[in-house]
Amino acid sequence: MSQPRPFNFSAGPATLPEEVLQQAADEMLDWQGSGMGVMEMSHRGREFISIYEQAVGDLRELLQVPANFRILFMQGGGLGENAIVPLNLSRGGKVDAVITGSWSTKSTNEAKRYADVHVAASNLADRHRSLPPASSWQLRDGASYVHVCSNETIDGVEFHELPDLKALGSAAPLVIDFSSHVLSRPVDWSRVGLAFGGAQKNIGPAGLTIVVVREDLLGHALPSCPSAFDYKIVADADSMFNTPPTYSIYIAGLVFQWLKKFEYAGKSGLAAIEQRNIDKAALLYAALDSSQFYENRVAANCRSRMNVPFYLRDERLNDAFLTGAKARGLLQLKGHKSVGGMRASIYNALPLEGVQALCTYLKDFEAQNG
Ligand SMILES: *Cc1c(COP(=O)(O)O)cnc(C)c1O
């Protein structure tokens, strides 16, 4: 490729590793001599089954998923899971939820359609800019699960450590929505009962939803749960109860391969990408904090490594900022409409050079307009 591609800061669907896109392009018409493109294969054929098995195995290895958890490839996205989780886990009873931003608010409201939902803690009074300390959560006895969004994509708030519900006196499994930081860091599975995420932030194309669920949580779906969304039925069918999003799974599999081979700072695989994510985020937050021209408003102990919302103190310059960014090949920096301002999503596939280019632009734009 002659021209370097622009850096894409979209919150999702989001940038993918260039090598992955190139390989997919090369294999578009003929996957590994099969005479078929992946989109044209039966999901039950030998070729696709090998793609699927490799992808599940690689994801299990990357995330160190214990043997008593199942990995499901589903559809319906994060919002679908907001209903699918209570349909499978609530048994029509109590659900506790922690509100830390827009996505956990959505999950909580959806769960109310199926269960008795109690908000155990909320950072709304703080406009979703900090995390309510776990010791302050009002958890109920007998809750079927506790829902948390471990990275709030819009508000830029991330749990750097997952809560230990057992230590808080709760026997309920923890459910995490890890849509926007899956595979950016390890997961402490000893603290988790179920994790779900749409693929389109850090994994691959929209259409694939990842669910990692502890085996004892399978088999309790409400009778009204659609069969295609019943975790036990999906698990028993190895995610092939109905046709899975085959092409999304294929691309996700290429991303898993890319991650397994990823090297950075003397590390490899997930440890390497985590280190690069730490370095990228540190660089960007330092650039924002060192300026009076920009500001990030999230408490320092819970700033997201993936999604960095920021504001120009003079918001009249927003349009000029975005136009100038685009001219430099820095794409999709506009903030979510509900919070305004800017947002740089710096997912796994965004190179360090992309953050460096953004930091240079922040300085130059300030010098011209400050
Ligand atoms: C993007 C996102 C979702 C929504 O996913 P859809 O695939 O659009 O349903 C849910 N939760 C979080 C944390 C997200 O970032």
Side-chain angles (χ1 to χ4, degrees), residues 8-16 72-88 95 97-113 117 122-124 128-129 131 145-160 162-163 174-185 187 192 194-213 226 228-229 244-245 247-249 251-252 255 277 281 298 302-309 332 334-339 343-350:
N8 181 349
F9 296 89
S10 170
T15 191
L16 286 168
L72 312 180
F73 286 169
M74 298 183 67
Q75 297 175 78
L79 290 182
E81 289 303 322
N82 285 346
I84 296 167
V85 171
L87 280 167
N88 277 275
V95 168
V98 176
I99 294 204
T100 54
S102 310
W103 286 112
S104 50
T105 303
K106 279 198 172 160
S107 303
T108 302
N109 290 338
E110 183 74 8
K112 284 179 183 164
R113 301 178 58 177
V117 181
S122 169
N123 65 354
L124 182 61
H128 304 317
R129 290 169 188 168
L131 282 180
Y145 67 91
V146 177
H147 177 97
V148 155
C149 178
S150 47
N151 184 63
E152 290 279 4
T153 321
I154 293 174
D155 305 280
V157 169
E158 179 170 9
F159 281 85
H160 289 287
L162 292 175
L174 179 70
V175 170
I176 61 170
D177 173 358
F178 66 173
S179 295
S180 53
H181 71 165
V182 55
L183 286 171
S184 70
R185 60 192 306 154
V187 174
V192 174
L194 183 146
F196 70 83
Q200 71 271 23
K201 313 293 167 58
N202 227 359
I203 289 183
L208 169 64
T209 312
I210 307 277
V211 175
V212 184
V213 54
F229 294 152
Y247 199 74
S248 298
I249 290 171
I251 299 286
V255 171
N277 288 331
V298 178
C302 57
R303 285 171 159 187
S304 171
R305 288 178 190 162
M306 296 282 101
N307 308 98
V308 183
Q332 308 204 70
K334 190 171 177 157
H336 191 270
K337 59 183 185 307
S338 63
V339 292
R343 171 173 50 172
S345 294
I346 51 175
Y347 295 124
N348 283 351
L350 188 96

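Start at 1 and go down the list; that is how both ligands and their atoms are numbered.
Using modelled atom types, one side-chain atom of Asp155 and one backbone atom of Ser102 make a donor-acceptor pair closer than 3.5 Å. Looking at Asn348, its side chain does come within 3.5 Å of a backbone N or O of Leu183 through a donor-acceptor pair. Put simply, the side chain of Ser248 gets close to the backbone of Ala206: a donor and an acceptor are under 3.5 Å apart. Checking side-chain atoms of Ser150 against main-chain N and O of Asp177 turns up a donor-acceptor pair under 3.5 Å. Here the side chain of Asn88 pairs a donor or acceptor atom with the backbone of Phe229 at under 3.5 angstrom. Without hydrogens or angle criteria, Glu158 side chain to Arg305 main chain gives a donor-acceptor distance under 3.5 Å. A donor-acceptor contact shorter than 3.5 Å links the side chain of Glu152 to the backbone of Trp103.
Not a single N or O atom of Cys149, backbone or side chain, sits closer than 3.5 Å to an N or O atom of ligand 1. Checked by distance only, ligand 1 and Leu79 come closer than 3.5 Å through their nitrogen or oxygen atoms.
With a 4.0 Å cut-off on non-hydrogen atoms, Glu152 does not touch ligand 1 at all. Proximity of Gln200 to ligand 1, defined as any heavy-atom pair under 4.0 Å, is confined to the side chain (atoms from C-beta onward). Residue contacts with ligand 1, taken as heavy atom pairs separated by less than 4.0 Å, involve Asn151 solely via the backbone atoms N, CA, C and O.
Of all atoms in ligand 1, listed by their number and element, those nearer than 4.0 Å to a heavy atom of Gly77 are 7 (O), 9 (O). Taking every heavy atom of Gly78 and a limit of under 4.0 angstrom, the matching atoms of ligand 1 come to 5 (O), 6 (P), 7 (O), 9 (O), 10 (C). Which parts of ligand 1 touch Thr153 is read off a 4.0 Å heavy-atom cut-off, strictly below it: atoms 12 (C), 13 (C), 14 (C), 15 (O). Close approach of ligand 1 to Ser180 (heavy-atom distance below 4.0 Å) involves ligand atoms 15 (O).
In this structure, the protein non-hydrogen atom closest to atom 10 (C) of ligand 1 is Trp103 CE3, 3.4 Å. Asp177 OD2, 2.7 Å is the protein heavy atom nearest to atom 11 (N) of ligand 1. In terms of protein heavy atoms, atom 2 (C) of ligand 1 is closest to Lys201 NZ, 2.6 Å.
When only modelled atom types and interatomic distance are considered, Asn307 and Tyr347 share a side-chain donor-acceptor pair under 3.5 Å.
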